[in-house]
Undergrad: 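Pasting a structure below so you can have a look.
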Amino acid sequence: MHAGLFHEQFDTTVRGPNNAAMRLGLLFGACVWLILPVAAGAQGVPNPAMPMGPNPSECEIQAALLGTTGPNCPPVAMQRPAAPPPATPSASPPTGRPAPVTVPPLPGPAAMPAPELRAAFRVEFDFNSAVIRPESRAILDKVATVMAAAGNTRFRIVGHTDAVGGDVANLALSKKRAAAVVEYLVSKHHIRRDRLEASGMGARELLLPDQPKAAANRRVEIVNLGG
């Protein structure tokens, strides 16, 4: 079709005075195309880990990794949201007024899945090595106490580095450090090896993306994998 003839037909069909609905439909279609990929991407973002302080208590570690605390713990902010209270039956309606209509639930799961329980710990290592420094063993000792009381719950140990150095070296180092934490928990505290798994992310998930070389990025995350 000749370009001039195409534009003439477009003006007549779409821009005509009686075609406001068509123009609105085209605009709405463009908006949906732009917005849907953003929403889909947001759904795939994992829950961030709860950052722990330099000297967390066992109660704080319990709250972060298990979603609950022992009876002797003071109130601690929970990672897992509290369950909604059960619905109370309403009183009988007055005479002459219709009773409320009961709507059946939609098919599917009865409840939304619980958020992932994960915590980020600052575990110090010797420079460019997987040797755990003595000052960090006290933190891992508390973590082991919580794990020992968690029955058959399994955990993933994830190593992270800062962005100093190459990607290949950082990825390998993060895996070695995660494996070193697993080995410490197994050998020192007798946590069953089949309850633990190790993985490394290198510098792929920086805790402070705007400060890629910050020491806070060098951390170990522990993820609750359930029973």
Side-chain angles (χ1 to χ4, degrees), residues 43-87 105 108-125 130-161 173-202 204-205 207 216 218-227:
Q43 292 177 356
V45 176
N47 292 325
M50 177 186 292
M52 306 301 293
N55 187 28
S57 66
E58 287 184 21
C59 293
E60 291 172 328
I61 296 173
Q62 286 178 0
L65 292 183
L66 306 181
T68 185
T69 57
N72 297 325
C73 290
V76 178
M78 294 291 115
Q79 176 84 350
R80 188 190 300 273
M112 294 294 290
E116 187 178 64
L117 296 174
R118 54 193 294 174
F121 297 86
R122 181 72 185 276
V123 179
E124 299 285 351
F125 298 84
V131 177
I132 302 171
R133 295 184 63 84
E135 57 266 30
S136 291
R137 295 172 188 170
I139 296 176
L140 294 179
D141 292 342
K142 295 177 184 178
V143 170
T145 300
V146 172
M147 288 182 173
N152 294 320
T153 303
R154 295 165 49 248
F155 298 92
R156 177 183 296 122
I157 314 298
V158 186
H160 297 266
T161 68
L173 182 59
S174 66
K175 291 179 178 179
K176 290 179 180 178
R177 289 177 170 176
V181 171
V182 170
E183 188 61 33
Y184 181 85
L185 295 172
V186 171
S187 61
K188 177 72 182 298
H189 294 280
H190 309 291
I191 305 297
R192 292 202 328 265
R193 192 177 295 272
D194 62 353
R195 293 180 56 202
L196 305 174
E197 63 178 61
S199 64
M201 294 300 296
R204 288 171 170 78
E205 293 182 358
L207 186 65
R218 302 192 296 268
R219 68 199 189 278
V220 170
E221 290 185 1
I222 302 180
V223 184
N224 186 328
L225 299 178

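When reading the values below, keep in mind they use all heavy atoms of this one structure, side chains included, and skip hydrogens, waters and symmetry mates. Everything numeric here is computed off the predicted structure, so don't read it as measured data.
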Undergrad: When you measure from the side chain of R192 to the backbone of N152, do you find a donor-acceptor pair of N or O atoms at a distance under 3.5 Å?
TA: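 No; zero donor-acceptor contacts below 3.5 Å.
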Undergrad: Could you pull out the closest heavy-atom pair between A178 and G159, with the gap in Å?
TA: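 The answer is CB-N, 3.7 Å.
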Undergrad: Picking from R193, K176, K188, what satisfies salt bridge (charged side-chain N to carboxylate O under 4.0 Å, His left out) with E183?
TA: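 Single pass found, and it is R193.
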Undergrad: Say you draw a straight line from CD1 of I191 to CE of M147; how long is it, rounded to the nearest 0.5 Å?
TA: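 The CE atom of M147 is 7.0 Å from CD1 of I191, to the nearest 0.5 Å.
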Undergrad: Using every non-hydrogen atom in the two residues, find where Q62 and G70 come nearest and quote the distance to one decimal.
TA: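 Closest approach of Q62 to G70, heavy atoms only: OE1-N, 2.9 Å.
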Undergrad: Minimum heavy-atom separation for V186 to L196, with atom names?
TA: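 Here V186 and L196 meet closest at CG2-CD1, 4.0 Å.
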Undergrad: Under 4.5 Å between any side-chain heavy atoms of D141 and Y184, yes or no?
TA: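 Yes - at least one pair of side-chain heavy atoms lies under 4.5 Å apart.
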Undergrad: Test side chain to side chain contact (heavy atoms under 4.5 Å, CB included) on N55 and K142; report intermediate values, then the result.
TA: CA-CA 10 Å; N55 187 28; K142 295 177 184 178; 2.9 Å; yes
Undergrad: What distance separates R218 CZ from R122 CZ, expressed to the nearest 0.5 Å?
TA: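 These two atoms lie 5.5 Å from each other.
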Undergrad: Under a 3.5 Å distance rule, please check whether S136 uses its side chain to pair with a backbone N or O of V123 as donor and acceptor.
TA: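 No.
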Undergrad: For the atom pair CD1 (I61) and OG1 (T145), what is the distance rounded to the nearest 0.5 Å?
TA: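 Spacing of CD1 (I61) from OG1 (T145) equals 8.5 Å.
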Undergrad: Looking at L65, N224, L117, L225, which one forms a side chain to side chain contact (heavy atoms under 4.5 Å, CB included) with T153?
TA: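 For T153, the side chain to side chain contact (heavy atoms under 4.5 Å, CB included) check succeeds only for N224.
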Undergrad: Go through E221 and R156 one step at a time and tell me if the side chain to side chain contact (heavy atoms under 4.5 Å, CB included) criterion holds.
TA: CA-CA 8 Å; E221 290 185 1; R156 177 183 296 122; over 6 Å; no
Undergrad: Can you give me the closest heavy-atom contact between S174 and M201, atom names plus distance?
TA: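 Answer, listing the atom of S174 first, then M201: OG-N, 3.3 Å.
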Undergrad: Decide side chain to side chain contact (heavy atoms under 4.5 Å, CB included) for L140 and F121; before the verdict, give the C-alpha distance in whole Å, the side-chain angles of both, and the deciding distance to 0.1 Å.
TA: CA-CA 9 Å; L140 294 179; F121 297 86; 6.0 Å; no
Undergrad: Working to the nearest 0.5 Å, report the span between CD of E58 and OG1 of T69.
TA: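 One finds 12.0 Å between CD of E58 and OG1 of T69.
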Undergrad: To the nearest 0.5 Å, what is the distance between CG (L207) and NE2 (H160)?
TA: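 One finds 9.0 Å between CG of L207 and NE2 of H160.
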Undergrad: If you take all heavy atoms of A198 and V182, which pair is closest and at what distance?
TA: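 Here A198 and V182 meet closest at CB-CG2, 3.9 Å.
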Undergrad: So, the side chain of S199 versus the backbone of V158: is there a donor-acceptor pair under 3.5 Å, distance only?
TA: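 Between the backbone of V158 and the side chain of S199 there is no qualifying donor-acceptor contact (under 3.5 Å).
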Undergrad: Where do R219 and A120 come nearest, in terms of heavy atoms and distance?
TA: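 In terms of heavy atoms, the two residues are closest at CD-CB, 4.2 Å.
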Undergrad: Taking the side chain as C-beta and beyond, is there a heavy-atom pair between F125 and V131 under 4.5 Å?
TA: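 The answer is no, as the side chains (C-beta and beyond) never meet within the 4.5 Å cut-off.
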